[in-house]
Amino acid sequence: MIDMQEELYKVQIDDIFEGPMDLLVHLIKKHEMDIYDISIALITEQYLEYLQWMKAINIDIAGDFILMASTLTKIKSRMLLPVHEEETDDEDPRLEIVKPLEEYLQLKSAANELIARNLLGEDTFVRNPDQENHSMDQDGKIIKVGLFELIDAFQTILEKISEHRGVDIITADTVSVRDRIVQIVEIFETRKSVTFNELFPMNTDKSEVVVTFLAILEMVRLSLINIVQNTQTGIIRLFYL
Amino acid sequence: MENIKNIIESLLLVAEEPLKIDRIKDILALAGKKEIQNALTELSSEYENRKGGFFLREVAGGYQIRTRPEYKEWIKRLIQPKPLRLSKPALETLSIIAYKQPIIRSDIEHIRGVNCGGILRMLLERKLVRMLGRKAIPGRPHIYATTKQFLEVFDLKNLEDLPTPKEISELSDTASENME
(Lines give C-alpha, C1' and ligand atoms only; values in the text may rest on other atoms or scores of the structure.)
Protein backbone atom coordinates (compact mmCIF):
# COMPACT_ATOMS: atom_id res chain seq x y z
CA MET A 1 0.00 0.00 0.00
CA ILE A 2 2.23 2.78 1.19
CA ASP A 3 5.87 2.16 0.76
CA MET A 4 7.66 3.10 3.92
CA GLN A 5 10.76 2.05 5.64
CA GLU A 6 9.99 -0.29 8.43
CA GLU A 7 10.25 1.32 11.86
CA LEU A 8 10.82 4.66 10.20
CA TYR A 9 8.66 6.30 12.73
CA LYS A 10 6.32 4.61 15.08
CA VAL A 11 3.31 6.61 16.07
CA GLN A 12 1.72 6.09 19.41
CA ILE A 13 -1.42 8.00 19.79
CA ASP A 14 -2.51 7.55 23.35
CA ASP A 15 -4.66 10.56 23.56
CA ILE A 16 -6.55 10.39 20.33
CA PHE A 17 -6.44 6.62 20.43
CA GLU A 18 -9.81 5.05 20.07
CA GLY A 19 -10.63 1.42 20.24
CA PRO A 20 -12.29 -1.18 18.06
CA MET A 21 -15.71 -0.23 19.41
CA ASP A 22 -15.24 3.33 18.24
CA LEU A 23 -14.21 2.08 14.83
CA LEU A 24 -17.36 -0.05 14.63
CA VAL A 25 -19.55 2.88 15.65
CA HIS A 26 -17.76 5.07 13.12
CA LEU A 27 -18.40 2.58 10.31
CA ILE A 28 -22.02 1.97 11.26
CA LYS A 29 -22.67 5.70 11.34
CA LYS A 30 -20.84 6.26 8.09
CA HIS A 31 -23.10 3.78 6.33
CA GLU A 32 -26.19 4.91 8.21
CA MET A 33 -26.95 1.42 9.43
CA ASP A 34 -29.29 0.40 12.19
CA ILE A 35 -27.30 -1.26 14.93
CA TYR A 36 -29.95 -3.95 15.13
CA ASP A 37 -29.62 -4.67 11.46
CA ILE A 38 -25.93 -4.45 10.69
CA SER A 39 -24.63 -5.67 7.38
CA ILE A 40 -21.87 -7.84 8.80
CA ALA A 41 -20.25 -8.50 5.43
CA LEU A 42 -19.83 -4.79 4.66
CA ILE A 43 -18.75 -3.85 8.16
CA THR A 44 -16.21 -6.67 8.36
CA GLU A 45 -14.72 -5.74 5.02
CA GLN A 46 -14.47 -2.07 5.96
CA TYR A 47 -13.13 -2.84 9.39
CA LEU A 48 -10.30 -4.92 7.94
CA GLU A 49 -9.58 -2.19 5.43
CA TYR A 50 -9.15 0.31 8.27
CA LEU A 51 -6.79 -2.04 10.04
CA GLN A 52 -4.71 -2.12 6.87
CA TRP A 53 -4.62 1.65 6.83
CA MET A 54 -3.60 1.86 10.41
CA LYS A 55 -0.85 -0.66 9.81
CA ALA A 56 0.32 1.27 6.78
CA ILE A 57 0.81 4.42 8.76
CA ASN A 58 2.61 2.44 11.43
CA ILE A 59 0.08 2.81 14.16
CA ASP A 60 0.56 0.06 16.68
CA ILE A 61 -2.57 -1.95 16.30
CA ALA A 62 -3.48 -3.20 19.70
CA GLY A 63 -4.58 -6.78 20.18
CA ASP A 64 -8.08 -5.48 20.87
CA PHE A 65 -8.45 -4.53 17.21
CA ILE A 66 -7.40 -7.99 16.09
CA LEU A 67 -9.77 -9.62 18.56
CA MET A 68 -12.68 -7.61 17.21
CA ALA A 69 -11.66 -8.49 13.65
CA SER A 70 -11.80 -12.18 14.51
CA THR A 71 -15.17 -11.77 16.23
CA LEU A 72 -16.55 -10.03 13.14
CA THR A 73 -15.17 -12.70 10.84
CA LYS A 74 -16.64 -15.42 13.04
CA ILE A 75 -20.08 -13.79 12.98
CA LYS A 76 -19.82 -13.35 9.22
CA SER A 77 -19.10 -17.02 8.71
CA ARG A 78 -21.89 -18.06 11.08
CA MET A 79 -24.30 -15.90 9.11
CA LEU A 80 -23.39 -17.83 5.99
CA LEU A 81 -24.42 -21.15 7.50
CA PRO A 82 -27.86 -22.30 6.41
CA VAL A 83 -30.52 -21.89 9.07
CA HIS A 84 -32.51 -25.01 9.81
CA GLU A 85 -36.14 -24.32 10.29
CA GLU A 86 -36.53 -26.43 13.40
CA GLU A 87 -33.81 -24.43 15.14
CA THR A 88 -35.70 -21.19 15.14
CA ASP A 89 -34.68 -20.41 18.69
CA ASP A 90 -31.12 -20.03 17.45
CA GLU A 91 -30.25 -16.44 18.18
CA ASP A 92 -28.96 -14.04 15.58
CA PRO A 93 -25.16 -14.42 15.56
CA ARG A 94 -24.93 -10.65 15.32
CA LEU A 95 -26.14 -10.33 18.89
CA GLU A 96 -22.62 -11.13 19.99
CA ILE A 97 -21.63 -7.73 18.69
CA VAL A 98 -24.94 -5.87 19.09
CA LYS A 99 -25.15 -6.31 22.85
CA PRO A 100 -21.71 -4.83 23.63
CA LEU A 101 -22.39 -2.11 21.06
CA GLU A 102 -25.62 -1.24 22.80
CA GLU A 103 -23.90 -1.02 26.16
CA TYR A 104 -21.08 1.02 24.68
CA LEU A 105 -23.42 3.51 23.05
CA GLN A 106 -25.41 3.88 26.21
CA LEU A 107 -22.22 4.61 28.06
CA LYS A 108 -21.19 7.17 25.46
CA SER A 109 -24.51 8.94 25.88
CA ALA A 110 -24.00 8.91 29.64
CA ALA A 111 -20.58 10.47 29.13
CA ASN A 112 -22.18 13.21 27.04
CA GLU A 113 -24.72 13.93 29.72
CA LEU A 114 -22.01 14.15 32.35
CA ILE A 115 -19.93 16.58 30.37
CA ALA A 116 -23.00 18.75 29.76
CA ARG A 117 -23.47 19.42 33.47
CA ASN A 118 -22.42 22.64 35.18
CA LEU A 119 -18.83 21.67 35.69
CA LEU A 120 -16.87 23.05 38.59
CA GLY A 121 -14.04 25.19 37.30
CA GLU A 122 -15.69 25.50 33.91
CA ASP A 123 -19.29 26.62 34.29
CA THR A 124 -19.48 27.27 37.98
CA PHE A 125 -16.92 28.39 40.52
CA VAL A 126 -16.49 28.35 44.26
CA ARG A 127 -15.30 31.22 46.37
CA ASN A 128 -11.73 30.03 46.87
CA PRO A 129 -10.66 28.95 43.45
CA ASP A 130 -7.09 28.21 44.48
CA GLN A 131 -7.56 24.47 44.40
CA GLU A 132 -7.09 22.61 41.19
CA ASN A 133 -9.37 24.19 38.73
CA HIS A 134 -10.86 22.32 35.90
CA SER A 135 -12.00 23.20 32.52
CA MET A 136 -13.11 21.20 29.58
CA ASP A 137 -12.66 22.07 25.98
CA GLN A 138 -16.07 21.98 24.52
CA ASP A 139 -17.15 24.44 21.96
CA GLY A 140 -20.66 24.03 20.75
CA LYS A 141 -20.07 23.98 17.06
CA ILE A 142 -16.65 22.45 17.00
CA ILE A 143 -15.78 18.87 17.77
CA LYS A 144 -12.45 17.31 18.49
CA VAL A 145 -11.40 15.08 15.65
CA GLY A 146 -10.81 11.43 16.31
CA LEU A 147 -8.33 9.14 14.65
CA PHE A 148 -10.82 7.66 12.21
CA GLU A 149 -11.98 11.01 10.91
CA LEU A 150 -8.32 11.86 10.36
CA ILE A 151 -7.77 8.66 8.44
CA ASP A 152 -10.81 9.47 6.29
CA ALA A 153 -9.42 12.92 5.54
CA PHE A 154 -6.05 11.38 4.80
CA GLN A 155 -7.57 8.88 2.38
CA THR A 156 -9.31 11.67 0.51
CA ILE A 157 -6.04 13.54 0.13
CA LEU A 158 -4.22 10.48 -1.16
CA GLU A 159 -6.99 9.90 -3.68
CA LYS A 160 -6.75 13.48 -4.90
CA ILE A 161 -3.03 13.14 -5.31
CA SER A 162 -3.24 10.04 -7.45
CA GLU A 163 -5.73 11.89 -9.65
CA HIS A 164 -3.36 14.77 -10.14
CA ARG A 165 -0.24 12.82 -10.83
CA GLY A 166 0.11 10.36 -13.62
CA VAL A 167 3.74 9.55 -13.12
CA ASP A 168 5.59 9.36 -9.87
CA ILE A 169 8.71 11.43 -10.00
CA ILE A 170 11.46 10.06 -7.87
CA THR A 171 12.63 12.64 -5.44
CA ALA A 172 15.89 12.14 -3.67
CA ASP A 173 15.49 14.43 -0.72
CA THR A 174 12.73 13.10 1.46
CA VAL A 175 11.78 15.00 4.54
CA SER A 176 11.78 13.23 7.88
CA VAL A 177 8.86 13.41 10.28
CA ARG A 178 10.97 15.47 12.66
CA ASP A 179 11.82 17.99 9.94
CA ARG A 180 8.22 18.18 8.88
CA ILE A 181 7.16 18.93 12.46
CA VAL A 182 9.65 21.81 12.51
CA GLN A 183 8.24 23.08 9.20
CA ILE A 184 4.70 22.92 10.50
CA VAL A 185 5.69 24.71 13.70
CA GLU A 186 7.20 27.43 11.52
CA ILE A 187 3.87 27.85 9.77
CA PHE A 188 2.20 28.14 13.15
CA GLU A 189 4.62 30.83 14.21
CA THR A 190 3.09 33.16 11.66
CA ARG A 191 -0.53 32.18 12.28
CA LYS A 192 -2.58 30.53 14.97
CA SER A 193 -4.35 27.90 12.96
CA VAL A 194 -4.15 26.12 9.67
CA THR A 195 -6.56 23.82 7.87
CA PHE A 196 -5.75 20.16 7.39
CA ASN A 197 -5.82 20.45 3.60
CA GLU A 198 -3.43 23.40 3.53
CA LEU A 199 -0.70 21.14 4.84
CA PHE A 200 -1.07 18.88 1.83
CA PRO A 201 -0.27 20.81 -1.34
CA MET A 202 -1.41 19.20 -4.55
CA ASN A 203 2.02 18.74 -6.09
CA THR A 204 3.50 16.61 -3.37
CA ASP A 205 4.22 12.92 -3.67
CA LYS A 206 2.81 10.16 -1.52
CA SER A 207 5.74 9.77 0.81
CA GLU A 208 5.59 13.45 1.65
CA VAL A 209 1.90 13.21 2.35
CA VAL A 210 2.51 10.26 4.64
CA VAL A 211 5.30 12.09 6.44
CA THR A 212 3.05 15.11 6.94
CA PHE A 213 0.27 12.94 8.27
CA LEU A 214 2.63 11.23 10.72
CA ALA A 215 3.96 14.61 11.77
CA ILE A 216 0.42 15.75 12.56
CA LEU A 217 -0.28 12.64 14.62
CA GLU A 218 2.98 13.04 16.48
CA MET A 219 2.23 16.70 17.19
CA VAL A 220 -1.12 15.73 18.65
CA ARG A 221 0.60 13.19 20.85
CA LEU A 222 3.06 15.80 22.06
CA SER A 223 0.14 18.13 22.77
CA LEU A 224 1.58 20.70 20.38
CA ILE A 225 -1.62 21.03 18.45
CA ASN A 226 -5.30 20.55 18.82
CA ILE A 227 -7.33 19.22 15.93
CA VAL A 228 -10.94 20.25 15.61
CA GLN A 229 -13.59 19.88 12.98
CA ASN A 230 -16.38 22.28 12.26
CA THR A 231 -19.56 20.26 12.41
CA GLN A 232 -21.21 22.33 9.69
CA THR A 233 -18.47 22.75 7.10
CA GLY A 234 -16.55 19.58 7.91
CA ILE A 235 -13.31 21.55 7.65
CA ILE A 236 -10.59 20.14 9.87
CA ARG A 237 -8.46 22.80 11.49
CA LEU A 238 -5.25 22.52 13.46
CA PHE A 239 -4.59 24.86 16.35
CA TYR A 240 -1.18 25.53 17.81
CA LEU A 241 -1.24 25.28 21.57
CA MET B 1 -31.24 30.25 68.46
CA GLU B 2 -30.36 33.64 67.07
CA ASN B 3 -30.45 33.92 63.36
CA ILE B 4 -29.45 30.41 62.40
CA LYS B 5 -29.85 31.20 58.74
CA ASN B 6 -27.23 33.93 58.89
CA ILE B 7 -24.82 31.75 60.80
CA ILE B 8 -25.11 29.00 58.22
CA GLU B 9 -24.69 31.52 55.42
CA SER B 10 -21.47 32.78 56.98
CA LEU B 11 -20.22 29.21 57.35
CA LEU B 12 -21.03 28.50 53.71
CA LEU B 13 -19.05 31.52 52.62
CA VAL B 14 -15.92 30.43 54.44
CA ALA B 15 -16.11 26.65 54.05
CA GLU B 16 -13.49 25.20 51.76
CA GLU B 17 -15.58 22.28 50.63
CA PRO B 18 -19.24 21.39 50.45
CA LEU B 19 -20.59 21.76 53.97
CA LYS B 20 -22.43 18.76 55.34
CA ILE B 21 -25.48 19.14 57.53
CA ASP B 22 -23.80 17.02 60.20
CA ARG B 23 -20.86 19.39 60.27
CA ILE B 24 -23.15 22.40 60.63
CA LYS B 25 -24.96 20.58 63.43
CA ASP B 26 -21.64 20.00 65.25
CA ILE B 27 -20.81 23.68 64.98
CA LEU B 28 -24.22 24.99 65.96
CA ALA B 29 -24.51 22.46 68.80
CA LEU B 30 -28.09 23.32 69.67
CA ALA B 31 -29.79 23.25 66.33
CA GLY B 32 -31.53 20.16 65.02
CA LYS B 33 -31.06 18.68 61.57
CA LYS B 34 -34.54 19.69 60.55
CA GLU B 35 -33.91 23.29 61.55
CA ILE B 36 -30.66 23.38 59.60
CA GLN B 37 -32.29 21.81 56.57
CA ASN B 38 -35.03 24.43 56.68
CA ALA B 39 -32.54 27.26 56.95
CA LEU B 40 -30.62 25.90 53.95
CA THR B 41 -33.81 25.60 51.90
CA GLU B 42 -34.71 29.15 52.85
CA LEU B 43 -31.26 30.44 51.89
CA SER B 44 -31.45 28.64 48.59
CA SER B 45 -34.81 30.13 47.70
CA GLU B 46 -33.59 33.59 48.75
CA TYR B 47 -30.73 33.22 46.27
CA GLU B 48 -33.17 32.02 43.62
CA ASN B 49 -35.46 34.99 44.16
CA ARG B 50 -32.58 37.39 44.13
CA LYS B 51 -31.19 35.87 40.92
CA GLY B 52 -27.76 37.20 41.78
CA GLY B 53 -24.33 36.02 40.78
CA PHE B 54 -24.36 32.85 42.86
CA PHE B 55 -26.63 30.10 44.09
CA LEU B 56 -26.63 27.30 46.62
CA ARG B 57 -25.85 23.85 45.26
CA GLU B 58 -26.18 20.53 46.96
CA VAL B 59 -23.03 18.67 45.93
CA ALA B 60 -21.11 15.66 47.19
CA GLY B 61 -23.32 15.25 50.22
CA GLY B 62 -23.02 18.87 51.34
CA TYR B 63 -23.93 22.42 50.43
CA GLN B 64 -21.80 24.92 48.59
CA ILE B 65 -22.18 28.44 47.28
CA ARG B 66 -21.30 28.47 43.60
CA THR B 67 -21.40 31.04 40.85
CA ARG B 68 -24.12 30.89 38.27
CA PRO B 69 -23.03 29.37 34.94
CA GLU B 70 -24.25 32.49 33.10
CA TYR B 71 -21.26 34.42 34.39
CA LYS B 72 -18.53 31.92 33.66
CA GLU B 73 -16.92 33.99 30.92
CA TRP B 74 -16.42 36.90 33.32
CA ILE B 75 -14.87 34.69 35.96
CA LYS B 76 -12.46 33.32 33.40
CA ARG B 77 -11.24 36.85 32.85
CA LEU B 78 -10.50 37.08 36.56
CA ILE B 79 -8.85 33.71 37.04
CA GLN B 80 -7.30 31.34 34.56
CA PRO B 81 -8.55 27.92 35.51
CA LYS B 82 -6.25 25.04 34.66
CA PRO B 83 -8.04 23.03 32.04
CA LEU B 84 -9.05 19.56 33.14
CA ARG B 85 -8.55 18.26 29.60
CA LEU B 86 -10.47 15.07 29.88
CA SER B 87 -10.02 13.35 26.55
CA LYS B 88 -12.93 11.43 25.10
CA PRO B 89 -11.50 8.04 26.12
CA ALA B 90 -10.88 9.38 29.64
CA LEU B 91 -14.41 10.71 29.93
CA GLU B 92 -15.80 7.40 28.71
CA THR B 93 -13.72 5.45 31.18
CA LEU B 94 -14.80 7.76 33.96
CA SER B 95 -18.45 7.29 32.99
CA ILE B 96 -18.14 3.51 33.06
CA ILE B 97 -16.66 3.69 36.54
CA ALA B 98 -19.33 6.14 37.67
CA TYR B 99 -22.23 4.03 36.48
CA LYS B 100 -20.88 0.55 37.12
CA GLN B 101 -18.91 1.04 40.32
CA PRO B 102 -17.45 -0.79 42.10
CA ILE B 103 -15.78 -2.18 39.01
CA ILE B 104 -12.53 -3.94 38.16
CA ARG B 105 -10.28 -2.92 35.31
CA SER B 106 -10.98 -5.93 33.09
CA ASP B 107 -14.70 -5.13 33.17
CA ILE B 108 -14.04 -1.53 32.16
CA GLU B 109 -11.86 -2.72 29.32
CA HIS B 110 -14.49 -5.22 28.28
CA ILE B 111 -17.03 -2.45 27.72
CA ARG B 112 -14.65 -0.09 25.95
CA GLY B 113 -12.87 -2.88 24.09
CA VAL B 114 -9.59 -1.16 24.81
CA ASN B 115 -6.80 -1.24 27.35
CA CYS B 116 -7.21 1.61 29.80
CA GLY B 117 -4.28 1.36 32.21
CA GLY B 118 -2.89 4.78 31.32
CA ILE B 119 -6.27 6.46 31.55
CA LEU B 120 -6.96 4.88 34.94
CA ARG B 121 -3.66 6.14 36.29
CA MET B 122 -4.50 9.64 35.07
CA LEU B 123 -7.98 9.53 36.63
CA LEU B 124 -6.43 8.35 39.89
CA GLU B 125 -3.90 11.19 39.79
CA ARG B 126 -6.66 13.72 39.23
CA LYS B 127 -8.50 12.22 42.17
CA LEU B 128 -11.63 11.62 40.11
CA VAL B 129 -11.29 7.90 40.74
CA ARG B 130 -10.00 5.89 43.68
CA MET B 131 -9.20 2.30 44.48
CA LEU B 132 -11.60 0.66 46.87
CA GLY B 133 -9.58 -2.45 47.51
CA ARG B 134 -9.06 -5.75 45.78
CA LYS B 135 -11.57 -8.23 44.54
CA ALA B 136 -11.30 -11.73 45.99
CA ILE B 137 -10.87 -13.47 42.67
CA PRO B 138 -7.71 -14.88 41.06
CA GLY B 139 -5.21 -12.11 40.48
CA ARG B 140 -6.87 -10.00 43.17
CA PRO B 141 -7.58 -7.09 40.83
CA HIS B 142 -8.13 -3.56 42.14
CA ILE B 143 -11.67 -2.32 42.48
CA TYR B 144 -12.30 1.20 41.22
CA ALA B 145 -14.89 3.77 42.24
CA THR B 146 -15.40 7.51 41.84
CA THR B 147 -14.40 10.06 44.48
CA LYS B 148 -16.00 12.97 46.27
CA GLN B 149 -13.98 15.19 43.95
CA PHE B 150 -15.82 13.59 41.04
CA LEU B 151 -19.18 14.53 42.55
CA GLU B 152 -17.93 18.08 43.16
CA VAL B 153 -16.58 18.58 39.65
CA PHE B 154 -19.68 17.16 37.97
CA ASP B 155 -22.14 18.98 40.22
CA LEU B 156 -23.74 15.84 41.66
CA LYS B 157 -25.42 15.43 45.04
CA ASN B 158 -24.51 11.79 45.24
CA LEU B 159 -24.23 8.80 42.91
CA GLU B 160 -28.00 8.40 42.67
CA ASP B 161 -27.99 11.88 41.18
CA LEU B 162 -26.17 10.63 38.06
CA PRO B 163 -28.21 11.37 34.94
CA THR B 164 -30.05 8.38 33.53
CA PRO B 165 -28.46 7.48 30.23
CA LYS B 166 -30.82 8.06 27.34
CA GLU B 167 -31.89 5.18 25.21
CA ILE B 168 -29.61 4.85 22.26
CA SER B 169 -31.23 6.90 19.57
CA GLU B 170 -28.11 8.00 17.78
CA LEU B 171 -27.73 4.91 15.64
CA SER B 172 -31.05 3.25 15.89
CA ASP B 173 -34.34 4.96 15.29
CA THR B 174 -36.25 1.74 15.09
CA ALA B 175 -34.53 0.15 18.03
CA SER B 176 -36.91 -2.22 19.73
CA GLU B 177 -39.12 -2.86 16.72
CA ASN B 178 -36.41 -4.65 14.84
CA MET B 179 -35.23 -6.58 17.82
CA GLU B 180 -38.04 -9.06 18.11
Side-chain angles (χ1 to χ4, degrees), chain A residues 14-25 28-29 32-37 62-65 67-68 92 95 98 100-137 144 146 223, chain B residues 13-14 16-17 54-55 57 59 64-69 72 75-76 79-89 91-92 94-96 98-100 109-115 118-119 126-127 152-156 162-179:
Chain A
D14 295 336
D15 212 42
I16 55 169
F17 182 88
E18 292 166 278
M21 288 298 245
D22 275 303
L23 179 48
L24 269 191
V25 171
I28 292 170
K29 258 193 216 163
E32 292 175 350
M33 284 182 202
D34 186 320
I35 73 157
Y36 298 109
D37 192 23
D64 318 306
F65 276 98
L67 184 68
M68 177 67 82
D92 190 333
L95 278 183
V98 170
L101 260 177
E102 229 178 342
E103 186 168 33
Y104 184 65
L105 286 172
Q106 204 153 31
L107 147 91
K108 274 177 102 78
S109 104
N112 287 336
E113 297 226 5
L114 269 186
I115 202 77
R117 298 184 65 82
N118 286 330
L119 303 175
L120 183 64
E122 172 63 28
D123 304 303
T124 183
F125 296 82
V126 289
R127 198 190 50 80
N128 50 335
D130 57 341
Q131 307 145 337
E132 273 182 73
N133 277 304
H134 306 294
S135 163
M136 315 247 176
D137 301 324
K144 277 207 160 178
S223 307
Chain B
L13 187 72
V14 176
E16 299 211 330
E17 50 180 13
F54 55 81
F55 54 5
R57 295 297 297 165
V59 278
Q64 192 167 45
I65 293 176
R66 293 187 166 193
T67 63
R68 289 188 192 273
K72 60 179 176 185
I75 288 160
K76 284 180 194 161
I79 53 164
Q80 275 79 45
K82 277 182 240 140
L84 180 59
R85 286 268 163 76
L86 272 190
S87 62
K88 216 170 77 183
L91 181 65
E92 282 174 18
L94 182 60
S95 305
I96 298 177
Y99 282 89
K100 309 261 172 182
E109 291 176 345
H110 181 73
I111 296 175
R112 289 199 60 234
V114 154
N115 178 300
I119 293 172
R126 307 239 176 131
K127 297 195 170 63
E152 287 183 34
V153 170
F154 287 90
D155 188 30
L156 296 161
L162 278 170
T164 334
K166 284 200 196 85
E167 290 300 306
I168 26 168
S169 51
E170 198 183 358
L171 290 175
S172 172
D173 302 324
T174 46
S176 45
E177 295 155 37
N178 287 356
M179 264 309 261

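Chain letters run A, B, ... following the sequence lines, proteins first, then strands; residues in each count from 1.
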Shortest non-hydrogen contact from B:L91 to A:A111?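 Smallest interatomic distance, heavy atoms only, reads CD2-O, 3.6 Å.
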
Quick one: of B:I96, B:I75, B:T67, B:I65, who has the most non-hydrogen atom pairs under 4.5 Å with chain A?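 Sorted descending by pairs with chain A, the first entry is B:T67.
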
Contact part of [X] toward chain A, heavy-atom cut-off under 4.5 Å: side chain, backbone, both or neither?
| X | value |
| --- | --- |
| B:R66 | both |
| B:L94 | neither |
| B:F54 | neither |

Rounded distance (nearest 0.5 Å) linking atom CE of A:M21 with atom CD of B:E92: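 Spacing of CE (A:M21) from CD (B:E92) equals 10.0 Å.
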
Rounded to the nearest 0.5 Å, what's the gap from CG on B:D155 to CD on A:E122? Could you check?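 Reported to 0.5 Å precision, the distance equals 13.0 Å.
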
Any chance you could lay out the side-chain contact (heavy atoms from CB on, under 4.5 Å) test for B:K100 and A:L107, step after step, and finish with the verdict? CA-CA 10 Å; B:K100 309 261 172 182; A:L107 147 91; over 6 Å; no

Please walk me through it: do A:E113 and B:F154 pass side-chain contact (heavy atoms from CB on, under 4.5 Å)? CA-CA 10 Å; A:E113 297 226 5; B:F154 287 90; over 6 Å; no

So which of A:N118, A:D123, A:T124 actually passes side chain to side chain donor-acceptor pair (under 3.5 Å) with B:K72?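 Testing each of A:N118, A:D123, A:T124 against B:K72, the sole residue satisfying side chain to side chain donor-acceptor pair (under 3.5 Å) is A:D123.
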
Electrostatic pair B:E16:A:R127 at N-O distance under 4.0 angstrom: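 Salt bridge between B:E16 and A:R127, a charged N being under 4.0 Å from a carboxylate O: no.
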
